[in-house]
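Here's the structure, in structure tokens; my notes come after.
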Amino acid sequence: MTVVTRFAPSPTGYLHIGGARTALFNWLFARHHGGTFALRIEDTDLKRSTQDAIDKIYQGLEWLGLDWDGAPVSQSANAPRHVEVAQQLLADGMAYHCYCTPEELAEMRENARQNGGSTRVYDGRWRDRGPSEAPAGIEPVIRIKMPLDGETTIRDLVQGEVTRTNDTLDDFIILRSDGTPTYMLAVVVDDHDMGATHVIRGDDHLNNAFRQYHLYKACGWDVPEFAHIPLIHGADGAKLSKRHGALGVEHYAELGILPEAMRNYLLRLGWSHGDDEEISTAQAIEWFNLDSVGRSPARFDMDRLLNLNAHYLKEADPAGLAAQVLARARESADKTLSPDAQARLEKGMAGLAQRANTIPDIVDSASLYLFDAPLDFTDKATAALADAEARERLGELAEIFAGLGAWTEENLDAAVRNYAESRDIKLGQVAQPLRAALTGSNVSPGIFEVLSVLGREESLKRLQLVTE
RNA sequence: GUCCCCAUCGUCUAGAGGCCUAGGACACCACCCUUUCAAGGUGGCGACACGGGUUCGAAUCCCGUUGGGGACGCCA
């Protein structure tokens, strides 16, 4: 049997972090089994669905690198099919018309609350009434018949066996009075029609699985495998929501998080493979299974994401990073970039990336490469250059640099060390002023690397500006 | 309120009866390395929610308590 999984977000906002993880797990599971991963947009609530939100989902998935198979399915386009199934269920006696008004329903809800708070709200009052009793002027909904007694057991691939007595299940609506299908009907019909073999989704749908189970049965269809994965919680332990600042994945892209870091982070949230932490996507596809998905919810931890991002930043292609840094710098810079910026960035990227958690971190620290002299100086850099003796040494160093042979890190290193030795001072006493002069800061990559990346001409220019 | 789920360091987790004086990672602290800051290395702090069972033996199995979460729409 070929595995078919699906990710079915409702386009009411952006692709949030929880949805992204659900998508990732579905994608990983499908890829692991050589199956297909489908995308379905649950846009049956036309009032809340927007094209903008749909685009955000595509973009988010693309950014994450989760490619779906085939064209995305628009659930609203399947409405006629959903209606057809509802009518068939009606004809088969598995469903019935219900003429209750919203007021009656509200009353029943109130009643259920009073009398023990039962989960079963609708009392089934139209279940056995004939159409002849239908009140005039009321468009009925169609409700599905749930079993009245016994119990239902779902064999969930993550949660194990979960049993619920059927008296907690009420006859839910599958077709609204305006003739449109409800979510409950639409999911079941679409999943069946798409051939979904595994429904991997958030824990919050576990309760729905019981209702959907009986809908499958009523239709005479095979019930897919279910895997309800725990939700992601905020730092306070409650379901991640907007009030936690739960943001769309594009927000993390904006923050300078790498997609591979996000994938790794999301994967390890609720899934594990022994003590492995840094897991490549190829490795994840090879290892992923539902058995190793935990059953308890995990909290979102930005520190961990940042740490993973730092790791992937070090592994990233320097040229690619340089391009991103350059693009961001062009947007935010108030000065014109050096014509040599890109070349310097590519050469010095390893030194920069090693010190950063995010791409914006690099943009900040890269200003020494991005712009030509004259530099902006931090207070600490200015202080380091306040000493006349230090400036004098820089002047001497400049002369040495001017006469240096090949402009390499090794030669630079040797030259500066020799100089310090000849003056009987510590390397730091000359390296720090040198750093200040070259970078405008007291913090930077290794000073010989900086010298090397900057080149002789620019280095001398910067030294001249502080010594004259 | 009713139903369902969950419960190991602050956080993510390893652990599927003896390998556990509970391991790893993030964060934090210290030290080393060192031209700054990082990175890296070493070490430290730090958890089996509680109570009963079952068993020669329980973090692991069972029951209960407590705590947390989710679901109870003509939303998805």
So does A:Arg295 reach the base of B:rC6 with its side chain, donor to acceptor, closer than 3.5 Å?
no
Could you check which of B:rC3, B:rA76, B:rU36 has an atom nearest any side-chain atom of A:Val443?
B:rU36
Run the salt-bridge test on A:Asp178 and A:Arg176 with the 4.0 Å N-O cut-off and return the result as yes or no.
no
Indicate, with a heavy-atom threshold strictly under 4.0 Å, whether A:Thr180 touches base, sugar-phosphate, or nothing.
nothing
When all nucleic acid strands are considered with a 4.0 Å heavy-atom cut-off, which category describes A:Thr44: base, sugar-phosphate, or nothing?
sugar-phosphate
Quick one: label A:Asn307 by what it contacts on the DNA or RNA (base, sugar-phosphate, nothing), any heavy atom closer than 4.0 Å.
sugar-phosphate
Between B:rC74, B:rC26, B:rC12, which one does the side chain of A:Arg299 approach most closely?
B:rC12
Separation of atom CG in A:Asn111 from atom C1' in B:rC72, rounded to whole Å
16 Å
Base, sugar-phosphate, or nothing for A:Leu269, non-hydrogen atoms under 4.0 angstrom?
sugar-phosphate
A:Tyr122 ring centre to A:Arg120 NZ or CZ under 6.0 Å, with the angle to the axis within 45°?
no
In whole angstroms, how far is the P atom of B:rA25 from the CD1 atom of A:Ile279?
14 Å
Any carboxylate oxygen within less than 4.0 angstrom of a Lys/Arg side-chain nitrogen, looking at A:Arg113 and A:Glu110?
no
Nearest-Å distance once atom C1' is located in both B:rA27 and B:rG68
23 Å
From C-beta outward on A:Asp203, which listed nucleotide comes closest to its side chain: B:rA76, B:rC5, B:rU35?
B:rC5
For A:Arg113, report the nucleic acid contact type (base, sugar-phosphate, nothing); a contact means any heavy atom under 4.0 Å.
base
The side chain of A:Glu277 lies closest to which of these nucleotides: B:rC4, B:rG24, B:rC6?
B:rG24
Closest nucleotide of RNA chain B for A:Pro102 versus for A:Arg355: which of these residues is on the 5' side?
A:Arg355
If we ignore angles and hydrogens, is there a donor and acceptor under 3.5 Å between the side chains of A:Thr153 and A:Thr163?
yes
Passing option when A:Arg6 is tested against A:Asp191, A:Asp193, A:Asp190 for salt bridge (charged side-chain N to carboxylate O under 4.0 Å, His left out):
A:Asp191
Taking only the P atom of each, what is the distance from B:rC6 to B:rG10 in whole angstrom?
22 Å
Counting side-chain heavy atoms from C-beta on, which of B:rC26, B:rC4, B:rU35 comes nearest to A:Val162?
B:rC4
For atom P, what is the distance between B:rG53 and B:rG43, given to the nearest Å?
41 Å
Checking contacts here: which listed nucleotide (B:rU35, B:rC6, B:rC74) is nearest the side-chain heavy atoms of A:Pro297?
B:rC6
Criterion salt bridge (charged side-chain N to carboxylate O under 4.0 Å, His left out) on A:Asp413 and A:Arg417, from CA distance to verdict:
CA-CA 6 Å; A:Asp413 189 316; A:Arg417 282 181 203 277; 2.5 Å; yes
Strictly by Watson-Crick or wobble contacts shorter than 3.5 Å, is anything paired with B:rC31, and which nucleotide is it?
B:rG41
Considering Watson-Crick and G-U wobble pairs with both distances under 3.5 Å, what does B:rG67 pair with?
B:rC6
Using the six-membered ring wherever Trp is involved, compare the ring planes of A:Phe37 and A:Phe7 and label them parallel, tilted or perpendicular (cut-offs 30° and 60°).
parallel
Taking the same atom, P, in B:rC48 and in B:rA59, what whole-Å distance lies between them?
11 Å
From CG of A:Asn418 over to P of B:rU35, roughly how many Å is that when rounded to an integer?
15 Å
Out of B:rU36, B:rC75, B:rG73, which has the shortest distance to the side chain of A:Arg176?
B:rC75
Taking only the C1' atom of each, what is the distance from B:rC5 to B:rC9 in whole angstrom?
24 Å
Mind checking the P distance from B:rC4 to B:rG40? Whole angstroms is fine.
48 Å
At 4.0 Å (heavy atoms only), tell me whether A:Cys98 reaches a base, stays on the sugar-phosphate, or touches nothing.
nothing
Rounded to whole angstrom, note down the P distance from B:rA39 over to B:rA25.
15 Å
Go through the side-chain N and O atoms of A:Asp149 and A:Asn166 and say whether any donor and acceptor fall under 3.5 Å apart.
no
Side chain of A:Thr119, heavy atoms from C-beta onward: which of B:rC3, B:rA76, B:rU13 has the nearest atom to it?
B:rC3
Return yes if the base of B:rG23 and the side-chain atoms of A:Asp275 contain a donor-acceptor N/O pair under 3.5 Å, otherwise no.
yes
Rounding to an integer number of angstrom, what distance separates B:rC61 and B:rU8 when you compare their P atoms?
13 Å
Applying a 4.0 Å non-hydrogen cut-off, can you work out what A:Asp170 is touching in the nucleic acid: base, sugar-phosphate, or nothing?
nothing
5' priority, RNA chain B, between A:Ala431 and A:Asp178 [closest heavy atom]
A:Ala431
With sugar-phosphate meaning primed atoms plus P, OP1 and OP2, does A:Ser272 contact a base, only sugar-phosphate, or nothing at under 4.0 Å between heavy atoms?
sugar-phosphate
Any base atoms under 4.0 Å from A:Gly446, or only sugar-phosphate, or nothing? Heavy atoms, all strands.
base
Out of B:rC12, B:rA27, B:rU35, which nucleotide sits closest to the side chain of A:Phe448?
B:rU35
Would you mind classifying the nucleic acid contact of A:Lys426 as base, sugar-phosphate or nothing, using non-hydrogen atoms under 4.0 angstrom?
nothing
Could you check whether A:Pro445 gets within reach of a base, just the sugar-phosphate, or nothing at all, counting any heavy atom under 4.0 Å?
base
Counting side-chain heavy atoms from C-beta on, which of B:rU36, B:rU13, B:rG70 comes nearest to A:Arg268?
B:rU13
Please confirm whether any donor atom in the side chain of A:Thr182 sits under 3.5 Å from an acceptor in the base of B:rC74, or the reverse.
no
Across the strands shown, which category fits A:His228 at heavy-atom distances under 4.0 angstrom: base, sugar-phosphate, nothing?
nothing
Just call it for A:Arg120: base, sugar-phosphate, or nothing, with non-hydrogen atoms closer than 4.0 Å on any strand.
nothing
